[in-house]
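Structure record follows, encoded as structure tokens.
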Amino acid sequence: MTFRMELIKNLNPQQQQAVMAEAGPVLVLAGPGSGKTRVLTQRIAFLIRVKKVKPYSIMAVTFTNKAAREMESRVVGLVGDYNRGLTLGTFHAICARILRREAEHLPFESNYVIFDEDDQLGVVKHALRDLNLDEKNNRPAPIHAAISNAKNELLLPENFPVQHYRDEVVRRVYERYQQLLLVNNALDFDDLLLWAVRLFEEHPEVREKYARRFEHILVDEFQDTNIAQYLLLKHLASFHRNIFVVGDTDQSIYRWRGADYRNVLRFEKDFPDAQVVMLEQNYRSTQAILDVAMAVINRHPQRRPKYLFTDRGAGLRVTLREVYDDRAEAAFVLDSIVDMVRREQAQPGDFAMMYRTNAQSRLLEEAFLAAGLPYKLVGAQRFYGRREVKDIIAYMRLVHNPNDELSLTRIINVPPRGIGDKTYLALRTLAQKLSLSPGELLLEIGREPEALNLAGLPGRSGANLARFGGWQVKWAALKASASPLVLMDQILEDIDYRSYIDDGSEEGADRWANVMELRRIAFEAQDKGLEGFLEQVALVSDQDTLETTAKVPTMLTLHAAKGLEFPVVFILGLNDGTLPHSRSFDDIEEMMEERRLFYVGITRAKDRLFLVYSQNRSAYGYPEPVDPSRFLDDIPYELIEEEQPAVLRRGVKSEAASHDALWGAAARTSPKRQIANQQIYHPGMNVFHPTYGDGMVLNSRLEGDDEVVDVFFADLGMKRLVASLARLEIKT
DNA sequence: ATGGACAATGTTTTT
DNA sequence: CATTGTCCAT
């Protein structure tokens, strides 16, 4: 069989049309679960193996690293190592690479660092201070958001439209913000795109070079592009015009980040000769789920009608469930999951719990922890947001780029080494006088400690600075010859970070474990060099850290769920104010986006979908009565089944034996686990719980087929546990 | 310079 | 309510 036949044999006619489309612009409108990733990867394989296009001349762009990795492995699966030379990555990563290569045309050095969200906020605060604006009246976060939006629309400070006083504040902060970034030789996320576009617009010969090189450009999730990304693509495609974009306007959920689904319309206008292919057949969900999805999205005005169909069959009706409050919500989900696993209707890894805001994961986590059941959580307390992780990265960034003052101020006194505000200020003043950055001055001092005397920084504080400078010199020497790992180890040793962070408490051990995790990442990035390592850690998101290995239920936001699928999905907190979020109420566009978000969640489900709302919800502190989501009104009654509260139903006991096998690790590690026919815990017993530690039984009773035990833990106080699930050990 | 105690303040989604 | 920042005492 020819490769071509091999490639297309599992594709439906529309998919084939897309994969084998002739050169020129192509717009693929793909509904959820219609195989769009497949179309993209097969298209790449088709170009390489059938059309004999050099991988070097192909660029494929995604939004997340995870999507990029996924695509990469699938392309490799299709064409083996014929993929060598292929440019495949996120918008940000691809731009970062171009900007390093073309730094000579740009106002920063090629060893620039990428500032993350926290750093960016730090720069805004710094700018506010420089402009004598106070943070109370000028909150940094909204100002930063305004700056970011401006950048996404390619508005420079000098063009920033000023209508109110507030705009003027933003404009001035923006101006200062950009100056500070350049002083630090740093770029923020938006800059990566902005500078790339400016590079192409201001240096036609550079644009020409890249436009000629990339004969084919393929774009995933096109509806999420912002203006900067759209223009970037247009420039890149300006020579060959072979641009193949795949998207679904109904799944556009990043408006707040500057994404503009109207880029799809713009594309049709800018490329009037574009072939348009519609992928409508759904291979993921049952028809029952698709019907609900359509009921929700069809209320969306002004959109191209799309009919979702599947040959997977009707399936079970979608379940709608009302609960008393958000605690009951968590309990309902947990009970349902346990029940379905026991009945062998699903495996633990089949479940996803989706919610609007990260904060909603907390009660879920508590419920799972209390039951002693494993789960995985996407995002939320971000690994790269951890203090210890940021500290070590700041050290390495400083070594890579001594001008990075933000990193320097972060760690110059971490761990405490007697360099306080006063000393740092003196250093900074001197540096300014010598027109050096503080980091460069420290390097000087490290090389020649006597220089300090000239500066009037003698004595203990001077010695402290000299010691730090000495390290910097040593580390700088190391970065040329050694891997990121060796450098990191040397830093950790010199600053004795472990004794600072690991104070013997459980939290300390945790922190140190995070440092070791970062060390592992450095180990894996050995051959990337320091620059590559830093770029990688700056551009990975926490969404990317979802490992697919552990077969346990997943908790994630609706945003994080895009592009994923699960056999059983729970969408939680379907209340007005949560979904749609209250901050969207007064904006029609935003309300439509909330609706699309709901739609994205619904269409993640393959077999079962549970929609849950509660009567009361704790905003912060106190529970308040809330209304069901207005989106629920749009689902016809006959499409749903309202489930009655029935937590543990009959028949559970007889099936409980299989529970062990299905519910994996948690069950196996519980030595005393058993089904309660009689009470085994009694008041006064000393028990041990793997998470909570030592405790004493206060009370216990049989409930249904299980035993409910109230335990007082030394560290946490009272907890109510279910005996069959909590890994309780009785101590003699 | 450092660490603790208190207050204020604020909750959407993230490359 | 839980985090973050500010002030104050050592």
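Just the heavy atoms: all of them, side chains too, but no hydrogens, waters or symmetry mates, feed the values below. The chains referred to below are lettered A, B, ... by the order of the sequence lines, with proteins before strands, and numbering in each begins at 1.
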Whether A:Arg255 and A:Asp587 form a salt bridge (side-chain N of Lys/Arg under 4.0 Å from carboxylate O of Asp/Glu) is what I want to check.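 Salt bridge flag = yes for A:Arg255 with A:Asp587.
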For a quick check of understanding: with a heavy-atom distance under 4.0 Å over all strands, which category does [X] fall into, base, sugar-phosphate or nothing?
X: A:Lys562; result: nothing
X: A:Phe189; result: base
X: A:Glu590; result: base

Identify, with sequence neighbours excluded, every residue that meets ring pair (Phe, Tyr, Trp, His ring centres under 6.0 Å) alongside [X].
X: A:Phe598; value: none
X: A:Phe63; value: A:Phe91
X: A:Tyr210; value: A:Phe200

Check whether A:Arg604 reaches the backbone of A:Leu564 with its side chain - one donor and one acceptor, N or O, closer than 3.5 Å.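 Such a contact is found between A:Arg604 side chain and A:Leu564 backbone.
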[options]: which one has an atom nearest the side-chain heavy atoms of [X]?
X: A:Thr64; options: B:dT15, B:dA1, B:dT13; answer: B:dT15
X: A:Lys125; options: B:dT14, B:dA1, C:dG5; answer: C:dG5
X: A:Arg583; options: B:dT14, B:dA1, B:dT12; answer: B:dT12

Would you say B:dT14 has OP1 or OP2 under 4.0 Å from some side-chain N or O of A:Asn358?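 Indeed, a polar side-chain atom of A:Asn358 lies that close.
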For C:dA2, does OP1 or OP2 lie under 4.0 Å from any side-chain N or O of A:Arg362? yes
Spacing between [X] atom [atom1] and [N] atom [atom2], to the nearest angstrom:
X: A:Leu579; N: B:dT13; atom1: CG; atom2: C1'; value: 11 Å
X: A:Tyr355; N: B:dT12; atom1: OH; atom2: C1'; value: 13 Å
X: A:Lys390; N: C:dT4; atom1: NZ; atom2: C1'; value: 15 Å
X: A:Asp118; N: C:dT4; atom1: CG; atom2: C1'; value: 12 Å
X: A:Leu556; N: B:dT12; atom1: CG; atom2: P; value: 19 Å
X: A:Phe63; N: B:dT15; atom1: CZ; atom2: P; value: 11 Å
X: A:Arg257; N: B:dT14; atom1: CZ; atom2: P; value: 9 Å
X: A:Arg617; N: C:dC1; atom1: CZ; atom2: C1'; value: 16 Å

Could you work out, with side-chain hydrogen bond (donor to acceptor under 3.5 Å, both in side chains) as the rule, every residue matching A:Glu594, not counting sequence neighbours?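 Per chain and number, A:Glu594 pairs via side-chain hydrogen bond (donor to acceptor under 3.5 Å, both in side chains) with A:Arg356, A:Ser584.
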Which residue lies toward the 5' end of DNA chain B, A:Ala141 or A:Leu193, if each is placed at its nearest nucleotide?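 Per heavy-atom nearest nucleotide, the more 5' residue is A:Ala141.
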Taking for each residue the nucleotide of DNA chain B bearing the nearest heavy atom, is the 5' side occupied by A:Ser584 or by A:Gln229? A:Ser584
Take nucleotides 2-10 of chain B nucleotide by nucleotide from the 5' end and write B, S or -, depending on whether a protein heavy atom sits under 4.0 Å from the base, only from the sugar-phosphate, or from neither. S------SB
Enumerate the salt bridge (Lys or Arg N to Asp or Glu O under 4.0 Å) contacts for residues 573-584 of chain A, please, sequence neighbours excluded, ordered by first and then second residue. A:Asp576-A:Arg630
Between the base of B:dT12 and the side chain of A:His581, is there any donor-acceptor pair under 3.5 Å? no
Distance check, C1' atoms only: C:dG5 and B:dT12, in whole angstrom units.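 Each nucleotide's C1' atom is 23 Å from the other's.
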Centre-to-centre under 6.0 Å for A:Tyr177 and A:Tyr174, is that the case here? no
B:dT12 pyrimidine/purine six-ring stacking with A:Trp256, under 5.5 Å and 30°: no
